[in-house]
There are 2 protein chains.
Amino acid sequence: MKQISTRFSMAVHTLSLIDMCPLECTGDFIAASVNTNPVVIRRIMGMLKKAGLIEVRAGVGGAYLLKEPGQITLLDIYRAVHAADENQLFGIHDNSNIACQVGRNIEQVLQQELRDAQNAMEQRLARTTLDQLNKQLAEI
Amino acid sequence: MKQISTRFSMAVHTLSLIDMCPLECTGDFIAASVNTNPVVIRRIMGMLKKAGLIEVRAGVGGAYLLKEPGQITLLDIYRAVHAADENQLFGIHDNSNIACQVGRNIEQVLQQELRDAQNAMEQRLARTTLDQLNKQLAEI
DNA sequence: CCGGGTAGTAACTATACTGGTTACAACGGT
DNA sequence: ACCGTTGTAACCAGTATAGTTACTACCCGG
């Protein structure tokens, strides 16, 4: 497979910066730290804004968090940038042949198993907050 | 993101069938149950073969498991079909600006967090065997 | 030993997501 | 009013996916 889009890691990077220095955080400034094109960052900021994580100061530039950094988890960010389509990490083939016992039931059974696996991952993401992350960044 | 390829779920489907009726399991037969093109199945069987999960009977057709179904986990199958690139589910942007504290350390910190999340998912996959899955399929 | 059915691939296609890029209109403080 | 910024739209190249056609290699039964 392709990997989960780097949009997610760039979004985390972006929020870290906004937490540390909201006023400086124009799209260009963040793009310089992430080392990418400002438009890519603006697109991500748009998603973070739509998810209610940040407020962007149109015209003047900069952005600030709408929640405490201790209340923003990696899972929130993951969801905000649509890291997984329809919140469903695993794709499952459909229209299996119902004349076959396996074909008839595989989708339902797999759906549950894979949902569990996805949940395990997401719960791990939910355990880490932006706050904790920024503390780790400072400690190195 | 795009979801994890349906190649994974098709591979599980394929192995379920092989476990139940190895002799019947030609590419065409499996393709009819999965409802896709036989070549797609043959490609997947090639990957399962390369991973040492099955042996395919060239010429005559059919395939059989090389391990007990209780010894084949969803994680084995997931890995066999290269569901994630380089065994790394999350893509992380690189070449961040090292002049910035966040840019300098984000990759290392995120790497660890995301690896943990990935592991949580994989360990859940590792807990389910083909055997258990087939029992579930039969119980419905 | 040969014919029929099968595996194993190569090659091509359409579709879709990604990350980057240019361009431009709307906005807002100084 | 100016200038830097945001918010988008449009486009591009690269790549993964899933399906399809076509061909060779292989094995068994007759």
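Bear in mind that the values here come from a model prediction, so they are computed numbers and not experimental data. The chains referred to below are lettered A, B, ... by the order of the sequence lines, with proteins before strands, and numbering in each begins at 1.
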To the nearest angstrom, how far is [X] atom [atom1] from [N] atom [atom2]?
{"X": "A/Ile44", "N": "C/dG20", "atom1": "CD1", "atom2": "C1'", "answer": "12 Å"}
{"X": "B/Asn37", "N": "D/dT21", "atom1": "CG", "atom2": "P", "answer": "7 Å"}
{"X": "A/His93", "N": "D/dT17", "atom1": "NE2", "atom2": "P", "answer": "16 Å"}
{"X": "A/His13", "N": "C/dG19", "atom1": "NE2", "atom2": "P", "answer": "15 Å"}
{"X": "A/Glu55", "N": "D/dT6", "atom1": "CD", "atom2": "P", "answer": "13 Å"}
{"X": "A/Ile30", "N": "D/dG4", "atom1": "CD1", "atom2": "C1'", "answer": "15 Å"}
{"X": "A/Lys2", "N": "D/dA18", "atom1": "NZ", "atom2": "C1'", "answer": "15 Å"}
{"X": "A/Ile41", "N": "D/dG4", "atom1": "CD1", "atom2": "P", "answer": "21 Å"}

How about CD on B/Glu68, more than 12 heavy atoms from neighbouring residues, nucleotides or ligands closer than 6.0 Å, or not?
no
How about A/Ile98: does its CD1 atom have over 12 heavy atoms from other parts shown lying under 6.0 Å from it?
no
Would you mind reporting whether B/Met20 and A/Gln101 have side-chain heavy atoms less than 4.5 Å apart?
yes
Within a strict 4.5 Å, meaning less than it, do heavy atoms of the A/Arg57 and A/Leu23 side chains meet?
yes
B/Ser5 side chain, from C-beta outward: closest of C/dG20, D/dA18, D/dG19:
D/dA18
Proximal nucleotide (of C/dT18, C/dT21, D/dA18) relative to the A/Val40 side chain:
C/dT21
D/dA18 OP1/OP2 closer than 4.0 Å to side-chain N/O of B/Thr36:
no
Give the ring-plane orientation class for B/Tyr78 versus A/Phe90, where under 30° counts as parallel, over 60° as perpendicular and anything between as tilted.
perpendicular
State, without any angle test, whether B/Arg115 and B/Gln88 hold a side-chain donor-acceptor pair at a distance under 3.5 Å.
yes
Report yes or no: does A/Gln123 contribute a side-chain atom to a donor-acceptor pair with the main-chain N or O of A/Ala120 at less than 3.5 Å?
no
Short heteroatom pairs, N/O only, protein and nucleotides 6-9 of chain C, under 3.5 Å:
{"unit_1": "C/dT6", "atom_1": "O4'", "unit_2": "B/Gly59", "atom_2": "O", "d": "3.3"}
{"unit_1": "C/dA7", "atom_1": "OP1", "unit_2": "B/Gly27", "atom_2": "N", "d": "3.2"}
{"unit_1": "C/dA7", "atom_1": "OP2", "unit_2": "B/Gly27", "atom_2": "N", "d": "3.1"}
{"unit_1": "C/dG8", "atom_1": "OP1", "unit_2": "B/Lys49", "atom_2": "NZ", "d": "2.3"}
{"unit_1": "C/dG8", "atom_1": "N7", "unit_2": "B/Arg42", "atom_2": "NH1", "d": "2.9"}
{"unit_1": "C/dG8", "atom_1": "O6", "unit_2": "B/Arg42", "atom_2": "NH1", "d": "2.7"}
{"unit_1": "C/dT9", "atom_1": "O4", "unit_2": "B/Arg42", "atom_2": "NH1", "d": "3.2"}

